[in-house]
Every structure is written in C-alpha cells, then in structure tokens.
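Scroll down for the structure; my scribbles are underneath it.
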Amino acid sequence: MMFDFSSSLFWYKLVFSAEIVLAELVFVVHLRRMPHFILRAVCSVAGLFLFAFLFPIVDYGAAWTCFMFFMMFIVSLCGLRVCFNESLRNIIFCGLAAYTIQHIAFVFSDAFNDIASLAMGTEGGLNVYGEGGIGQSGAALAVMLVIYFVTYFVTYMIAHYVYTDRIYSDEVRQLGRKKFVVLAGIIIITDNILNAITMYNTEIDAVSLWVERCYNVFTCFLALQLQFSQLTEQNMQSKYDTVQRILQEERKQYLIVKNNLEALNIKAHDLKHRFLDMARSAGDRKAELDDIGQTLSVYESVVKTGNETLDLILTNKNLMYGDKHVQVACIADGTLLDFMAPTEIYSLFGNALDNAIEAVLPLEEDRRTISLFVKRAHNMVSIHIENYFSGERIFSGDLPVTTKADKEYHGYGMLSMKTVVEKYGGTMAVEIRGDVFCLNLLFPLP
C-alpha cells in the first residue's frame, strides 16, 4: 500500500508538495534570506518531495490522510526555516497563510471540476482522494486539468497581489500576534479535517457537499483576515512609532540648532562691530577689516519672515548649503504660522527643505533654486515649495516614495510632515510639473 502507484492519493502527495511550495513562495518573497539561499532552497524542496514520496499510506481514511498532509506541511515549514533568516513565528505565519491559500485553491478546483463533470455528462470529477478520473475520456480529463491549473494559478496570483506587499520583515519584527496566528492555524487544520471527512463520505448529498465547500472557503478567508488585519495594524503602529521618534528627535534638534545659532549670531554681531570700530582707525588695513566685518555679517540671521522658527530654519539651511550654491528664494508671511508649535514648524519646513535640497544638489548650479511661499488665501494659510529635480518620482498612494536604496529606514520625512499637517486639520498635496516638484500645504486659520 505504501507504493500503490495506481492510487490517485499516492501521486497527489507529490502534487500537494508542489502546491504548498508554490503557495509559500507567494508569501516569503520579502523575507530575509539565509546565505547560500539557492542551494538551501533546492535541498529543502528535494527533501520535501522525497518525504512525500516515502510517506506511507497505511489507510485510505480521513484521519490518516489529514495526518499525512499535515506532516508534509510541517516538513515544508522546516524547509522555510532553513532558507530564511526569520523567527519561528514569522515562518509559521507565512506557512499558515500559504496552507490556507492552497486549501482555497483546492476547494475551488474541486468544485469547478464537479460543475464541468455535470456539464459534460461524465460521472464524478477528478477526485484525488479516490479513483476519480480513471475511465474518463481524454477530453474530460483535459478539461479537468485545465480547470485545475487555471484555478490554482488565479488563486495564487490574487493572493500575491493582495497579500505579498503587506509582509516585510526586519531583525526584530514579529509577523502577527501570537494568539491570532494560533487561531488561524486551528481554523485551517479544522477545515482540512472537515474537508477530508466530506470527501470520503460517498453518501453525502449534493446540498451538504456545497454547504461544506462554502463553509470551507469562508473560514479560510476568515483565517487570512485574522492574520493580515493584525499585520496591517502592526505596520501602521510601526510607522506611527517611527514618526513619533523622528518628531521627538527633531524637537531636540530644533533646540540645539536654535541655541547654537543664537550664540553664533551674538558672537558674530559683537565681532563684526569690533572689526568695524578697528577699521575706522586702521589706515591701510581698513579695506581688509571691512571685508572681515562683512563676512561676519553672513552669520547673523538675515532672513526676516515674522516667525522666529522659520527664520532659524532658513538661516541654518543657508549656512549649511550656501557654499554649494543652493539658493532658497523666500516670500513668506511668517506671522500666519503663529498657531503652530515651534517644534512642529521646524519639523514641517525642515523636512520639506531637506527633501528639496537633496533633489537639487546633483543638478547644475543655475538649477539649485528652491522657492518658498507662505501666504494667506481667504481663511486659509497656503504654503507652496517647489524645486527642480531629475529622474523619476514613484508614488505610493498620494506620497512620493523615497529615492534612497534603503527604503525600510528612509522615507519617513513625508510621513512626519503629513502627521503635522493632519494635526492642524490641513491638507498636503504633491504635484509634478515637468522637472519641477511642487509641495502644497493648506491650513485653516484658527
């Protein structure tokens, strides 16, 4: 019985192995791989197929069949553990999602095969648990195989587009909450047991069979929703926590920059006047001392918008990037920003100008220009920042994606800006006009 080559179930062991491996590929593409990944993957897949081939069929009952498939699933999880540098919870999370999708595809395929069998007037579908398919005409078998491949392909592709991008990992991230992962595992195992009992029950009526299939698919989708709803919540919480950390660091940075520039301005102001006093009686060295005095004037806050924090930001950027010929043209009524906290003004304009400066630095000197406008529009405060850029900008939703290679740890500047904007009931919009990047912010006046 162990090597009963005439049994559909014997060969389906190998087919199931391929189905579960392909389903797992849908969910693990963004996980961190082990060294020598290709070799590990080949050995793991080969080991799974060998295990499936050698696994004995000691009984054609629901209990042994479920146990056999469950053991093959466990071996596939071991293969994932060998191939990916992830925690056991992350491996189980992806494995359970894959097992759920495989089972959904199986139920759909089985149902469509029954419908096709009835339409063609043949007796019985392609039942892997019994001897279905034997004695069928070549045309009927061809139709059933086409249904099988199309059903699995479509189900897996839908899973890929719906779920794959929602799974990512880092060194400490745990995918899903433990209790929901356990509950999803219980659901999918129970579904498989009920499905096997139904398949082996040859006396079941058609209505009960279709009710069981609908229940199977419904509970599988429920299991996926349990897993991924928590994952979505985790992703949002992780981004929120990161943005809050960034805002906290920006508050500290604001105080440091403010204190440093104030001290520098005071020193520069005193030194400038001392040099000017010396220049009045310096004779031949008057021109040299005048030049030193003018140089020191650069370190005084020359930007006056009416808002101390905005002046500080613009002065700081001019000092940092003036030697790189980055020009910030500013027409701003800073008094309109008085309703915002200084640290949030610093975060908002600091991130916006940092992004603009990063975009113009690689360009020719005559294009390293940034325009900043703050004005009143009826009962709103309008902020408009524009700059040249090169290359292509890719958007995720309404925000541009960071151009840095390490996207996992960058790209939070726009999110922190959006957090500040939404706090004050404002809106943020990005517009591309040829090679000009435009950022538009609109706030209701208190």
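The chain is numbered in sequence order, starting from 1.
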Do Met428 and Leu439 come within less than 4.5 Å of each other through their side chains, counting heavy atoms only?
-> yes

Minimum side-chain heavy-atom gap Arg368-Gln327 below 4.5 Å = no

Is the side chain of Trp64 donor-acceptor paired with the backbone N or O of Pro56 at a distance under 3.5 Å, no angle test?
-> yes

Is it the case that Thr335 and Asp333 place a side-chain donor and acceptor less than 3.5 Å from each other?
-> yes

Output for pair (Ser76 OG, Ile91 CD1), nearest 0.5 Å, gives 10.0 Å

Pairwise side-chain contact, Leu25 with Leu22, heavy-atom cut-off 4.5 Å (strictly under) | yes

Rounded to the nearest 0.5 Å, how far does OG1 of Thr100 lie from CD of Gln102?
-> 9.5 Å

Candidate pair Asn307 and Leu336, rule side-chain contact (heavy atoms from CB on, under 4.5 Å), full reasoning = CA-CA 8 Å; Asn307 184 278; Leu336 296 173; over 6 Å; no

Check: Arg81 side chain, Glu86 main-chain N or O, donor-acceptor pair, under 3.5 Å | yes

Taking Lys13 for its side chain and Phe55 for its backbone only, find out whether a donor-acceptor pair lies under 3.5 Å.
-> yes

Spacing of CG belonging to Leu348 relative to CD1 belonging to Ile383, to within rounding of 0.5 Å | 5.5 Å

Please report the shortest heavy-atom distance between Ala159 and Ile101, naming the atom on each side.
-> CB-CD1, 3.7 Å

Compare every heavy atom of Leu353 with every heavy atom of Ile313, then report the nearest pair and how far apart it is.
-> CG2-CD1, 3.7 Å

Evaluate the side-chain contact (heavy atoms from CB on, under 4.5 Å) criterion for residues Val374 and Val381: first the C-alpha distance (whole Å), next the side-chain angles of each, then the deciding distance (0.1 Å), finally the verdict.
-> CA-CA 7 Å; Val374 180; Val381 178; 4.2 Å; yes

Under 6.0 Å between the ring centres of Phe93 and Phe27?
-> no

NZ/NE/NH1/NH2 to OD/OE distance under 4.0 Å, Arg213 and Asp110 = yes

Answer yes if the ring centres of Phe73 and Phe69 are under 6.0 angstrom apart, and no otherwise.
-> no

Hey, could you give me the CD1/CG distance between Ile92 and Leu77, rounded to the nearest 0.5 Å?
-> 6.5 Å

Any chance you could lay out the side-chain contact (heavy atoms from CB on, under 4.5 Å) test for Leu363 and Ser390, step after step, and finish with the verdict?
-> CA-CA 8 Å; Leu363 306 179; Ser390 62; 3.8 Å; yes

Is any side-chain heavy atom of Ile104 closer than 4.5 Å to a side-chain heavy atom of Tyr156?
-> no

Charged N to carboxylate O under 4.0 angstrom, Arg433 versus Glu431?
-> yes

Any donor-acceptor pair under 3.5 Å linking the side chain of Asp311 with the backbone of Thr305?
-> yes

State, to 0.1 Å, how close Arg40 and Pro35 come at their nearest heavy-atom pair, and which atoms those are.
-> NE-O, 2.8 Å

Are Ser17 and Met72 side-chain neighbours, meaning at least one heavy-atom pair lies under 4.5 Å?
-> yes

Minimum-distance pair of heavy atoms, taken over all atoms of Val28 and Cys94 = CG1-CB, 3.9 Å

Tyr12 and Glu19 side chains, donor-acceptor separation under 3.5 Å = yes

Taking everything shown except Tyr215 itself, do over 12 heavy atoms lie less than 6.0 Å from its OH?
-> no

Without swapping roles, check the side chain of Arg32 against the backbone of Asn85 for a donor-acceptor pair under 3.5 Å.
-> yes

Is the NZ or CZ atom of Arg367 positioned over Tyr388's six-membered ring, under 6.0 angstrom from the centre and within 45° of the axis?
-> yes

Side chain Asn351, main chain Ser347, donor-acceptor under 3.5 Å | yes

Does a sphere of radius 6.0 Å around CD1 in Ile331 hold more than 12 heavy atoms from other residues, nucleotides or ligands, not counting ones at 6.0 Å or beyond?
-> no

Of all heavy-atom pairs linking Ile147 and Ser109, the shortest is CG2-O, 4.2 Å

Phe389 versus Val436: any side-chain heavy-atom pair under 4.5 Å?
-> no

How close do Ile20 and Tyr99 get, heavy atom to heavy atom, and via which atoms?
-> CD1-CA, 3.7 Å

Residue pair Val360, Thr369: steps toward the side-chain contact (heavy atoms from CB on, under 4.5 Å) verdict = CA-CA 7 Å; Val360 300; Thr369 302; over 6 Å; no

Might you confirm whether atom CZ of Phe153 has over 12 heavy atoms from other residues, nucleotides or ligands at distances under 6.0 Å?
-> no

Taking side chain as C-beta onward, heavy atoms only, is Val26 less than 4.5 Å from Tyr163?
-> no

May I have the step-by-step check of ring-ring contact (aromatic ring centres under 6.0 Å, His included) for Phe106 and Tyr152, ending in yes or no?
-> CA-CA 7 Å; Phe106 174 84; Tyr152 273 82; 7.5 Å; no

To the nearest 0.5 angstrom, please state how far the CG atom of Asn113 sits from the OH atom of Tyr148.
-> 10.5 Å

Within 6.0 angstrom of Phe37 CZ, more than 12 heavy atoms from elsewhere = yes

Classify the side-chain pair Glu344/Tyr424 by whether it contains a donor and acceptor separated by less than 3.5 Å.
-> yes

Straight-line distance of Leu441 CG to Ser382 OG, nearest 0.5 Å | 8.5 Å

Are Leu372 and Leu314 close enough that some pair of their side-chain heavy atoms sits under 4.5 Å apart?
-> yes

Step through it carefully: locate the ring centre of Trp11, locate the ring centre of Phe53, and say whether they are under 6.0 Å apart.
-> no

